[in-house]
Amino acid sequence: MLDFAIFAVTFVIMLVGAVLYLYPSSRRASGIPGLNPTDEKDGNLQDIVNRGSLHEFLVSLHLRFGSVASFWFGGRPVVSLGSVLQLQQHINPNHSTDSFETMLKSLLGYQSGTGGGATESVIRKKVYESAISNTVEKNFPLVLKLVEELTVTQLALGETFRDDSEVLSFRKNHDAIWSEIGKGYLDGSLEKSSSRKAHYEKALSEMQSVLLSVAKERRAQRRQTVFVDALLQSSLTERQIMEDCMVFTLAGSVITANLCIWALHFLSTSQDVQDKLCQELEQVLGSDPISLDKIPELRYCQQVLNETVRTAKLTPVAARLQEVEGKVDQHVIPKETLVIYALGVVLQDSDTWSTAYRFDPDRFEEESARKSFCLLGFSGNQTCPELRFAYTVATVLLSTLVRQLKLHPLKGQLMEVRSELVSTPKEETWITVSRRKEK
């Protein structure tokens with residue numbers, strides 16, 4: 001078959017080109033099993049729209065074609081990986097950038113890395129991760145004080161966001177950008193609405209201007225307390241600093257908020273899990289507030305958050321650009337192919353997770369479950385830095401609430417998931433609370 005393809009391309013290239021142009025359904029991405037494009041310009045975008053989300057589309061794609069499948073995103077071929085084994089094969093040789101960061105920066109029109117190759121990309125990644133870690137360490141009292149969405153903004157950019165008007169303006173632009181990134185770009189609808197696109201571009205421009213202004217002010221102050229200060233100490237350009245601040249404020253706030261929302265929801269459905277978590281918190285912390293050095297001792301709390309991420313499929317999709325030609329199983333992935341990590345598909349795979357749809361933090365007592373979770377980038381060295389930050393904030397929140405209150409589900413409430421870049425509840429989520437009895 002390969003010999004025939006080479007022969008055909010060599011001798012009748014014009015004919016083949018005409019066929020590909022006139023009949024887009026005759027093409028497949030990289031020869032990997034998958035969907036042919038249904039439209040020359042949009043590829044399989046309408047198929048994604050019909051499924052309701054990219055995650056649901058990937059579920060159906062892998063159900064039909066197996067753990068390695070292909071489709072077309074506009075005019076671009078895409079390969080999707082939907083099992084732990086295939087992800088493991090791909091992640092190991094492609095670790096210079098974070099997969100969630102790659103997806104988000106691509107949608108924002110930013111470049112991952114520094115533009116100077118793999119080595120520079122690794123350096124930029126380390127600067128970014130170190131900035132987040134240092135920010136949490138130096139500002140942990142602020143985390144305790146502000147366990148809410150504004151934590152991310154203040155920790156990222158400093159005192160500028162103590163003023164309510166600044167916060168409201170920033171939040172308005174933040175929401176406009178995130179709603180289009182999560183939906184409009186992924187289903188192609190943004191490009192088809194000039195008014196929506198203009199609104200998005202205005203919000204993005206205003207937010208970028210604010211971030212550039214904050215960076216300039218912080219550079220003049222020569223302070224080293226928040227996220228942007230750490231970036232200013234590096235060799236990154238002004239543009240790169242602005243981009244990394246954008247990624248952290250967007251992704252950090254959304255991931256943190258939804259991790260906390262889902263954790264409280266799932267805890268409200270299981271009194272046994274709540275009681276076990278409360279027992280651990282009291283044993284490790286007593287009546288004292290949580291401290292940064294105590295967090296690693298809260299192993300069951302870590303299991304609760306792991307299971308929250310898994311059950312909610314918190315980040316159902318990530319991606320990497322294939323930097324060099326690669327191979328997964330017998331499939332060759334050409335250089336510069338966009339590779340999707342169908343994490344939501346893997347997280348609900350019953351072959352990997354027994355009782356996959358049940359909220360059960362005890363599953364992470366098993367080494368196999370922890371290993372699989374690590375391979376997916378949700379724990380260990382591969383963890384998305386924004387998720388690592390979110391775990392810290394969520395641990396602080398749970399350590400405060402669970403020791404004081406019992407959480408109960410609202411009777412009759414049905415939780416439905418909106419799966420975009422980050423999974424969120426479709427509607428407002430409510431719980432009821434009662435005070436714990438003092439011992």
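All values below come from the heavy atoms of this structure, side chains included, with hydrogens, waters and symmetry mates left out. From a predicted model like this one, the values you see are computed outputs, not experimental measurements.
Residue E427 places its CD atom among 12 or fewer non-hydrogen atoms of other residues, nucleotides or ligands, all under 6.0 Å distant. Residue-environment remark: CZ (R51) stays at or below the threshold of 12 foreign heavy atoms within 6.0 Å.
In this structure, the separation between CZ on F373 and OG on S368 is 13.0 Å, given to the nearest 0.5 Å. Here S291 contributes atom OG and L285 contributes atom CG; the two are 7.0 Å apart, rounded to the nearest 0.5 Å. The distance from atom CD1 of I177 to atom NE2 of H199, rounded to the nearest 0.5 Å, is 9.5 Å. The structure places CG of L387 at 6.5 Å from OG1 of T315, a figure rounded to the nearest 0.5 Å. Separation of atoms CD (Q233) and CD1 (I241) is listed at 9.5 Å; rounding is to 0.5 Å. Separating the CD atom in E280 from the CG atom in L277 is a distance of 6.5 Å, to the nearest 0.5 Å.
Looking at residues two or more places apart in sequence or on another chain, you find a side-chain contact (heavy atoms from CB on, under 4.5 Å) between S67 and S83, Q86. Evaluation of the salt bridge (Lys or Arg N to Asp or Glu O under 4.0 Å) rule for R358 yields D360 as partners, not counting sequence neighbours. For S372, the side-chain contact (heavy atoms from CB on, under 4.5 Å) partners are V84, T352, W353, not counting sequence neighbours. With sequence neighbours excluded, no residue satisfies salt bridge (Lys or Arg N to Asp or Glu O under 4.0 Å) with E137. Shown here are the salt bridge (Lys or Arg N to Asp or Glu O under 4.0 Å) partners of R363, two or more places apart in sequence or in another chain: E307. For Q208, the side-chain hydrogen bond (donor to acceptor under 3.5 Å, both in side chains) partners two or more places apart in sequence, or in a different chain, are Y110. Residues meeting the side-chain contact (heavy atoms from CB on, under 4.5 Å) test with V254, sequence neighbours left out: H174, W178, N258, V422. Evaluation of the side-chain hydrogen bond (donor to acceptor under 3.5 Å, both in side chains) rule for T432 yields no partner, not counting sequence neighbours. Qualifying side-chain contact (heavy atoms from CB on, under 4.5 Å) partners for R64, counting only residues two or more places apart in sequence or in other chains: L35. Judged as a side-chain hydrogen bond (donor to acceptor under 3.5 Å, both in side chains), and not counting sequence neighbours, the contacts of N50 are Q46. Evaluation of the salt bridge (Lys or Arg N to Asp or Glu O under 4.0 Å) rule for K276 yields D362, E365 as partners, not counting sequence neighbours.
Taking both residues in full, the closest heavy atoms of F65 and P33 are given as CD2-C, 4.1 Å, listed atom of the first, atom of the second, then distance. Minimum heavy-atom separation, G82 to V345: O-CG1, 3.9 Å. For the pair S80 and F71, the tightest heavy-atom approach, listed with the atom from each and the gap, is CB-CE2, 4.4 Å. Closest non-hydrogen pair, K313 versus G344, comes out as CD-O, 3.3 Å. Residue V226 comes nearest to R218 through the heavy atom pair CG2-NH2, 3.5 Å, listed as atom of the first residue, atom of the second, then distance. In terms of heavy atoms, G75 sits closest to P77 at O-CD, 3.9 Å.
Of the possible polar contacts, none joining the S234 side chain to the V127 backbone as a donor-acceptor pair under 3.5 Å is found. For the pair T400 (side chain) and V396 (backbone), a donor-acceptor distance under 3.5 Å is present. Side-chain atoms of S423 never come within 3.5 Å of backbone atoms of S419 as a donor-acceptor pair (strictly under, hydrogens ignored). With hydrogens and angles ignored, the 3.5 Å screen pairs a side-chain donor or acceptor of Q271 with a backbone N or O of L407. Here the side chain of D39 pairs a donor or acceptor atom with the backbone of D42 at under 3.5 angstrom.
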Evaluate E180 against R196 for salt bridge (Lys or Arg N to Asp or Glu O under 4.0 Å), listing each step before the verdict. CA-CA 8 Å; E180 293 296 0; R196 278 174 57 191; 2.8 Å; yes

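Within the 4.5 Å cutoff, side-chain heavy atoms of N306 are placed close to those of Q302. Using a 4.5 Å heavy-atom cutoff, the side chains of I333 and K327 are not in contact. Counting heavy atoms from C-beta on, the side chains of M415 and T429 come closer than 4.5 Å. S53 is not listed as a side-chain neighbour of R418, based on a closest heavy-atom distance of 4.5 Å or more. Under the 4.5 Å side-chain criterion, counting only non-hydrogen atoms from C-beta, R124 is in contact with L236. Using a 4.5 Å cut-off on side-chain heavy atoms (C-beta onward), T395 and L298 make contact. Residues H55 and V59 meet the side-chain proximity criterion, which asks for heavy atoms closer than 4.5 Å. Side-chain atoms of L250 and L108, non-hydrogen and from C-beta on, do get closer than 4.5 Å to each other.
A ring-centre distance under 6.0 Å is found for F227 and Y128.
Under 3.5 Å, the side chains of H90 and Q322 contain a donor-acceptor pair of N or O atoms.
Note: H265 and W262 have perpendicular aromatic rings, judged against thresholds of 30 and 60 degrees for the angle between ring planes.
Between R436 and D275, at least one side-chain N (NZ, or NE/NH1/NH2) sits under 4.0 Å from a carboxylate O, which counts as a salt bridge. Of the charged side-chain nitrogens involved, at least one lies within less than 4.0 Å of a carboxylate oxygen, so that R239 and E243 count as a salt-bridged pair.
Applying the salt bridge (charged side-chain N to carboxylate O under 4.0 Å, His left out) test to every pair with at least one member in residues 287-304, sequence neighbours left out, gives these pairs: K294-E297.
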